[in-house]
Colleague: 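Structure below; questions to follow.
Read the numbers this way: they start at 1 and go in the same order the structure lists the ligands and their atoms. Heavy atoms only: backbone and side chains are in, while hydrogens, waters and symmetry mates are out.
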Amino acid sequence: MKRLISLLLVAFLLLCSACSADTPASGEASSTTATSGTESSLPDAETTVTTSGSDDYMDASLAPERRAELLLSQMTLEEKAGQMLQGAFYAVKASDLTANGLGSVLSGGGGVPSSNTIEGWQKMVDSYQKASMATRLKIPFLYGIDAVHGHNNVYGAVVFPQNIGLGAANDPDLMYQMGAAVADEMKLTHTLWNFSPCVAVAQDPRWGRTYESYSSDTEIVTALALSYAKGQMDNGVIPTAKHYAGDGGTVFGTGEGDYLIDRGDTELSEADFRSIHLKAYKDLVDAGVPVVMASFSSINGVKMSENKYYLTDVLKNEFGFKGFVVSDWEAVSGLSGDSFAENVCLAVNAGVDMLMEPTRYADAGKAIVDGVNSGVIPEARVDDAVLRILTVKFEYGLFEDPYMKNLQTKETKLGSDEYRAIAEKLVEKSLVLLKNEGDVLPLKKGQKILVTGPAADDIGAQCGGWTKTWQGITDKENGGPITEGTTILDGLKEYGKEIGIEFFTDKSRIDEADAVICAIGEKPYAEYEGDSEDLSLLGSLGLSGNKDALTLAQTTGKPVIALIVAGREVNISQYLGDFDAAVMCFLPGSEGEGVAAVLTGKANFTGKLPMPWYQDASQIGAENPKLLFEKGYGLAYA
Ligand code: GLC
């Protein structure tokens, strides 16, 4: 009798397991096709699963991590590896997403759908989601984007000042409002994951990413990043603290490959590394930041993306980080292994949970599967990575609302007056008055002002890199405004009408002018393209037209008001004496009229330099550097 019962029991269990082993929803889910730009693809996903399998992970009353555990227990190794992959939108076809079960798709700088509109974005993102929901376990994917100073890839979205200007403004309340505003515009496009804030603590202004840093002061960086990230999280989008860590501390001359300083080596004691470059991460982890991006750079010769001590022992174990670590764009290829596959294993074993591999995502997935099967990667490491990724997806409601039908947005369109007003306030507060001899500012009723210089009437120059395209582009090069907004000149003319000041650009009328505004600056650039030997405004990174504007400033007998529109404290030592007044505008973004508000006295200067202003590049890193202005410097109207 006992044997009969045990036979019946076995039959019952077999019947159960056969039921729970769902056959793939679509043919694609079980087969994997080589995809464009990749040499191979994941081996066929096994269709049998080894656990009881049920969808109680859809029980929203359970804690996100518990739901993630339940889901994880049903996943095959191939499905787990898929969640650890992020491919670029231009390389990932919907069928890829289904076949490889990718955890995420991203836009790199400037990556936009053919129709760069809310509808175009929703159509693209939703089509990927449809492909995700066609996988066996229907795990939603995440779309990642660099909305680093507004939703800057998207036409018509508000473009806020770059981080260095926000550091000069140093207003945590406004940073929270900015985080919330950017979250709203991201949700309108169904892009829920932001590769921002950058919490670099930039030390050397020759770094092309200096403008992505709020300050050389860890406390300012921490306070502003926290407020911004909370504004994002409280409004349902996923911020990313980047680039972990020490991206802003690299030594000039150690840049990766032939870069001058970008992606180079930070050489510090652990104590200094922690106090300068890790502090912000500890506070952001305590505040619940869901993602951290590993840096291309190294600490004392060890690449962060394969640095187990800092990624796992410090960030995850000591700081208690429960989210997931994403590698940077193809950063795996710069690691110390002898092959791509070996580098994937190095990164995953060090603590990278998701690999940003724009085109080689399938190869990366195969390397993970092979790594586990060969014992190089413990499966427990893969389980930990997937658990972290799934927990974030559960926390942010992706399983309940994968098509974001119930997303609450305050606005129904991009570029609302309310959000532009927040950006304009930040512009006003980001301006730093460097000198004002004879109180030539504020401009006064009845004056006639000549406005010159390549940065006076150009939204692209105001925005800098990471705007419309990865490197950014001037209106001049673009053949017209790169996006909606106001230039500095637009604002001057608007306030001039109101106050009774005439602004003109016709140089032949210079004799009529009471003063000359000379707006000079840097070309837009991003990352290593902005690395500079000498911070010169007349070199390859200066706007064409700087020289003529500076020559006019030096030769006119009129009072000269210089506006510097640049991503960092550039070399102005040899011109400063020619200026009666000088204003550091940093990169104000789409709301240039904020500059005009302060120049015309509608608002006062409150901005303070977030970094020291070196007399010239030779002073950077010196024991007692000669400075033009100290960090914290900034004048105001009496
Ligand atoms: C870039 C940057 C990083 C950005 C990522 C995706 O190389 O280093 O800040 O988030 O790629 O665009």
Side-chain angles (χ1 to χ4, degrees), residues 85-92 102-112 142-154 162-164 182 186 191-202 207-214 221 225 228-229 232 237-250 255-257 259 261-264 266 280-281 289-298 303-305 324-335 347 352 354-361 464-472 524-531 567:
L85 307 175
Q86 177 181 59
F89 80 106
Y90 56 75
V92 177
L102 295 180
S104 173
V105 175
L106 85 148
S107 278
V112 299
L142 257 179
Y143 198 95
I145 195 162
D146 294 279
V148 292
H149 63 130
H151 204 358
N152 34 256
N153 286 17
V154 184
Q162 294 276 13
N163 284 357
I164 192 169
V182 175
M186 286 173 64
T191 50
L192 224 47
W193 176 12
N194 193 353
F195 305 132
S196 166
C198 176
V199 289
V201 186
W207 184 39
R209 306 194 74 166
T210 300
Y211 68 76
E212 294 186 65
S213 168
Y214 296 115
V221 169
Y228 173 83
Q232 294 257 290
V237 304
I238 297 168
T240 304
K242 74 182 187 182
H243 312 77
Y244 181 83
D247 49 347
T250 56
E256 189 177 73
Y259 308 149
I261 181 172
D262 193 26
R263 308 183 185 187
T266 297
Y281 288 94
V289 74
V291 187
V292 168
M293 185 184 292
S295 179
F296 283 115
S297 60
S298 317
K303 282 277 185 187
M304 286 308 297
S305 303
F324 69 89
V325 174
V326 64
S327 57
D328 203 337
W329 187 276
E330 297 180 333
V332 159
S333 300
L335 301 185
V352 169
M354 183 182 281
L355 297 154
M356 185 189 291
E357 283 303 322
T359 57
R360 298 194 68 179
Y361 46 87
W466 295 102
T467 319
K468 181 179 168 73
T469 66
W470 173 44
Q471 289 294 315
Y525 54 76
E527 303 193 49
Y528 44 82
E529 298 294 350
D531 283 359

Colleague: Of the protein's non-hydrogen atoms, which lies at the shortest distance from atom 4 (C) of ligand 1, and what is that distance?
Modeller: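 Going by distance alone, atom 4 (C) of ligand 1 is nearest to Asp146 OD1, 3.2 Å.
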Colleague: Nearest heavy-atom pair of Ala91 and Tyr361: which atoms, and what distance?
Modeller: O-OH, 3.2 Å
Colleague: With heavy-atom distances below 4.0 Å as the criterion, list the atoms of ligand 1 near Phe296.
Modeller: 7 (O), 8 (O)
Colleague: Does only the side chain of Arg209 get under 4.0 Å from ligand 1, or the backbone, or both, or neither? Count heavy atoms.
Modeller: side chain
Colleague: For a ring pair (Phe, Tyr, Trp, His ring centres under 6.0 Å) with Tyr528, tell me which candidate from Tyr259, Phe296, Trp207 qualifies.
Modeller: Tyr259
Colleague: Answer yes or no: does an N/O atom from Asp328 fall short of 3.5 Å to an N/O atom of ligand 1?
Modeller: yes
Colleague: If the cut-off is 4.0 Å to any non-hydrogen atom of Phe195, which atoms of ligand 1 fall inside it?
Modeller: 10 (O)
Colleague: Please identify which atoms of ligand 1 are closer than 4.0 Å to at least one heavy atom of Gly108.
Modeller: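 Numbered from 1, ligand 1 contributes 12 (O).
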Colleague: When you look at Leu142 and Met354, which way does the side-chain contact (heavy atoms from CB on, under 4.5 Å) test go after all the steps?
Modeller: CA-CA 12 Å; Leu142 257 179; Met354 183 182 281; 6.0 Å; no
Colleague: Between His243 and ligand 1, does any nitrogen or oxygen pair lie at a separation below 3.5 Å?
Modeller: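 Yes, there is a polar N/O contact under 3.5 Å.
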Colleague: Does Asp531 use its side chain to pair, donor to acceptor, with the backbone of Gly208 at less than 3.5 Å?
Modeller: yes
Colleague: Taking all non-hydrogen atoms of both residues into account, name the closest pair between Val148 and Phe195 and its distance.
Modeller: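 Nearest pair, atom of Val148 first, then Phe195: CG1-O, 3.6 Å.
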Colleague: What's the verdict on side-chain contact (heavy atoms from CB on, under 4.5 Å) for Lys242 and Val326, showing C-alpha distance, side-chain angles and the deciding distance?
Modeller: CA-CA 10 Å; Lys242 74 182 187 182; Val326 64; over 6 Å; no
Colleague: Is the backbone of Ala147 close enough, under 3.5 Å, to the side chain of Asn194 for a donor and an acceptor to pair up by distance?
Modeller: yes
Colleague: Any idea which atoms of ligand 1 are less than 4.0 Å away from a heavy-atom of Lys242?
Modeller: 3 (C), 4 (C), 9 (O), 10 (O)
Colleague: Please classify the Trp470 to ligand 1 contact at 4.0 Å (heavy-atom distances, strictly less than): side chain, backbone, both or neither.
Modeller: neither
Colleague: Please list the nearest protein heavy atom to atom 7 (O) of ligand 1 with its residue and the distance rounded to 0.1 Å.
Modeller: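 Protein heavy atom at minimum distance: Glu527 OE2, 3.2 Å.
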Colleague: Need the ligand 1 atom indices (1-based, order shown) with element for anything under 4.0 Å from a heavy-atom of Trp329.
Modeller: 7 (O), 11 (O)
Colleague: Looking at Arg263 and Glu527, does any basic side-chain N land under 4.0 Å from a carboxylate oxygen?
Modeller: yes
